[in-house]
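As structure tokens, the structure follows; a few thoughts come after it.
These numbers were taken from a predicted model, which means no experiment stands behind them. FYI, side chains are in, hydrogens and waters are out, and symmetry mates aren't considered; it's all heavy atoms of this structure.
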Amino acid sequence: MAVPPSAAAPLAGDFDGNGAVDASDETWLRAVYGARRSEPASPYDPAADLDANDVIDYRDAALYGAAFGSVGGDVDVSPPAVFVTLNDIPDDMNDLLVVPPDGFRITLHLDAAGGSVLDPATLTVTCSQAVGPYPPGAELGSQFSVTPTRAVWEVPTGSDLARTTHEITVWVQDAAGNDATETFGFAVRDFAFGPPLENLNTFFLDFDQDRSLSPEIDFIEDLREYGLSSAATPALETQMRDRLVAEIVARVYPFFDRGPDGSPGVDPVHVAFSAALPAGAHSRVCVGGQSSLGPSFLGATTLDPNNANETTDECASSGNGIFPQALDNLWSGNPEFQAAFSPLDPGLGGTPVGEHPDDAAVMAPNFDPATASAAELARHLEIENAVDAFAQAIAGVTAHEVGHALGLVAHGDAPGGLFGGLSGGRRDHNVTAGADATPAENFLMNAGGSFTFQELTGRGGESLPVFRPLNWAYLRNRVALNVQVTGLFPPPVVDAVEPNPVVFPDPFTGVPVTIRGADFLNDPVPPTVSLVIEGDPTPNPIQNVTWVDAETLVGTVQPALVAPGLYDLRFVNSDGQRIERVDFVEVAGP
Amino acid sequence: MRMRALVLAGVAGLLLGTDCGGGGPRVSIWLAPFELALAPGDVAGVQVFMRTNGTPLQAYELEVNVDPALLTTLQVLPHADFDDNGALLVDPVFGVGTGSTSRIVDVRRGAAASGEFRIATLVVAAQGPGSGVVRLRAGAATPTGADFRVDALDAAVTVAAP
């Protein structure tokens, strides 16, 4: 992102940066009045938020009014800042992005850079290649949803962008007339194996297995471990089991932008979860007990690159699954963990649910906290606190392990991977770009050992973990893993095939041809060139294509492979860039 | 439609809303007349008054909510007592649940206003018979952007049966 020169210090209320607080500034204030930073779609501009309370309201208007008539301030000469990327992927991970021919998002981050307010109406966006019905160079800014801080456009389904290198150019002005231009290049290719989450991926969360082969179901043993139930009161134990299963399933969904009932959110991932055996195709993950990999493994599943297998049974391996027993192995000394579980956990001196004299009343269906005694209310809150902590922890681990099963985090840098680690605890997990380190942000696919109890459960002032933007783009089929793309090479051009027409001297002798154009690659292999005739999709390769230079290829057209006719020419560079010339080569017999 | 000129009360009006003491700037808002007695089809102009407790007022946001079965707000106009440059913002009338809400935001350029003054004029049209209130809600700020505590009056409305 371009770093603007040191911003001038305009007068407070001088929204158009002309050095005075005057009537023209009121026009800009009116345009953003009522906007809130917390509402991404609102026209919130920090430059207009004079009291910096994250809302533009009558208080900012008062500050403007009080300053009205002030002159002699610095005229804003600082250009705004523009950061162009795809799918909100940050600067350190977007150097070489490969996206499918449609469905991805062009995301622009705008910043008035401390000067006058941004003028969203000036936003201009063009692309070097056609985007659906819009030819190269067409103005695309009107397609974006624009605020003073962000603009976004999801390239519509069916846009069918050329499988080549594209470059976006963005231009925007602020109210003072300062402008900024940024360009961004990216590659478009088809998914090698189809969109990884094209189908609905259903996960059966199996809470009813006894893989430990003890007298009780694993998950029930877990509840007893933390005092969430007791064998002494089977009815209450069943009640707690059912409640916690429902809570866990309901809390897994929001990680994938779905409501607790699975209903789609604004940008939902194509997944579904069930604690009962689903009728159709599904994967299965067992929840309960301890991993055979060791007591500190809270969860484990197999990384499935590109989600190739949508019906895995993670229960087949005793090392794989979700293992609540590990919670206290990992965090028994954590103050938030102790605060949540010590009232119930017998190992921490607590009284399990079902063994406390108030539990019968507190767990009754008609229990009303508003009319409960002080002792009952206290017990109720202890149980609710523990239920919340347990359910949220297990839900977070489940979402993390499901992420692995869906293909996160593919090893290596983009576009071959998703910046997934290769070794040790960071293997299969998020690492930072350029370094084998766990990100500082609370991302869901960080290495399991990096989480604190607070980060996993959203306690102690922490927010719940989330998928980082590159992982989210993968889950939403907005990036394509591709090992062929090693750089943003210019789009190749094919100008001519010589001779044309290609005339076979006899039915057995091939004809040497020269293909002329530009930007032919030869690393690691020369391009492939084939001829395709209308009515028959079978490609007929030109044989022995040899790279002479970036503008010249030679090869042989064989009569055994290519019958007389008018052919389209299909060219594929070694980085996967494709072009097609329609009705380009005529082939004739002797 | 009958136009009915209403004589302003000419007095400060009855203020509902308790003054619990304590520090900080305060502003009172009321309608004059504070009781509307209309017939279906009447169109009336109602003044919105403000009074500060000494602290000057620089900008305000006012919401006026009426029962659409009783009244329709035809216009909300800024008043030159407070600012003669037009309002910063006037929202068109829109339905909010069972009510109908208008919003006006105005800012005074330069020196702020103190004392008692008119800030807006509501032009309302009476609809069906019944009784209810015109509800006022507001935010107001000093020249430094500090909030006033706002005491707002709900004005009584009666629309007679035809």
Most chain A-contacting option - heavy-atom pairs closer than 4.5 Å, from B/Thr144, B/Val105, B/Leu89: B/Val105

Over 12 foreign heavy atoms within 6.0 Å of CZ, B/Arg137: yes

B/Ala87 versus chain A, the contacting section by heavy-atom distance below 4.5 Å: backbone

Nearest heavy-atom neighbours spanning A/Ala66 and B/Pro143: CB-O, 3.4 Å

Most chain A-contacting option - heavy-atom pairs closer than 4.5 Å, from B/Asn85, B/Asp83, B/Leu88, B/Leu57: B/Leu88

A/Glu441 atom CD, over 12 foreign heavy atoms within 6.0 Å: yes

Winner by heavy-atom pair count (cut-off under 4.5 Å) against chain B, out of A/Ala62, A/Ala67, A/Ser70: A/Ala62

Step-by-step side-chain contact (heavy atoms from CB on, under 4.5 Å) determination, A/Tyr64 to B/Arg109: CA-CA 8 Å; A/Tyr64 155 76; B/Arg109 298 174 179 177; 4.1 Å; yes

Chain A contact via B/Arg108 - side chain, backbone, both or neither, heavy atoms under 4.5 Å: backbone

Exercise: identify the closest heavy-atom pair between A/Leu63 and B/Gly145: CD2-N, 3.8 Å

For the student: nearest non-hydrogen atoms of B/Ala140 and A/Tyr58, plus distance: N-CE1, 3.4 Å

Pair A/Tyr33, B/Glu61: side-chain N/O donor-acceptor within cut-off below 3.5 Å: yes

Side chain, backbone, both or neither of A/Ala23 within contact of chain B (heavy atoms, under 4.5 Å): both

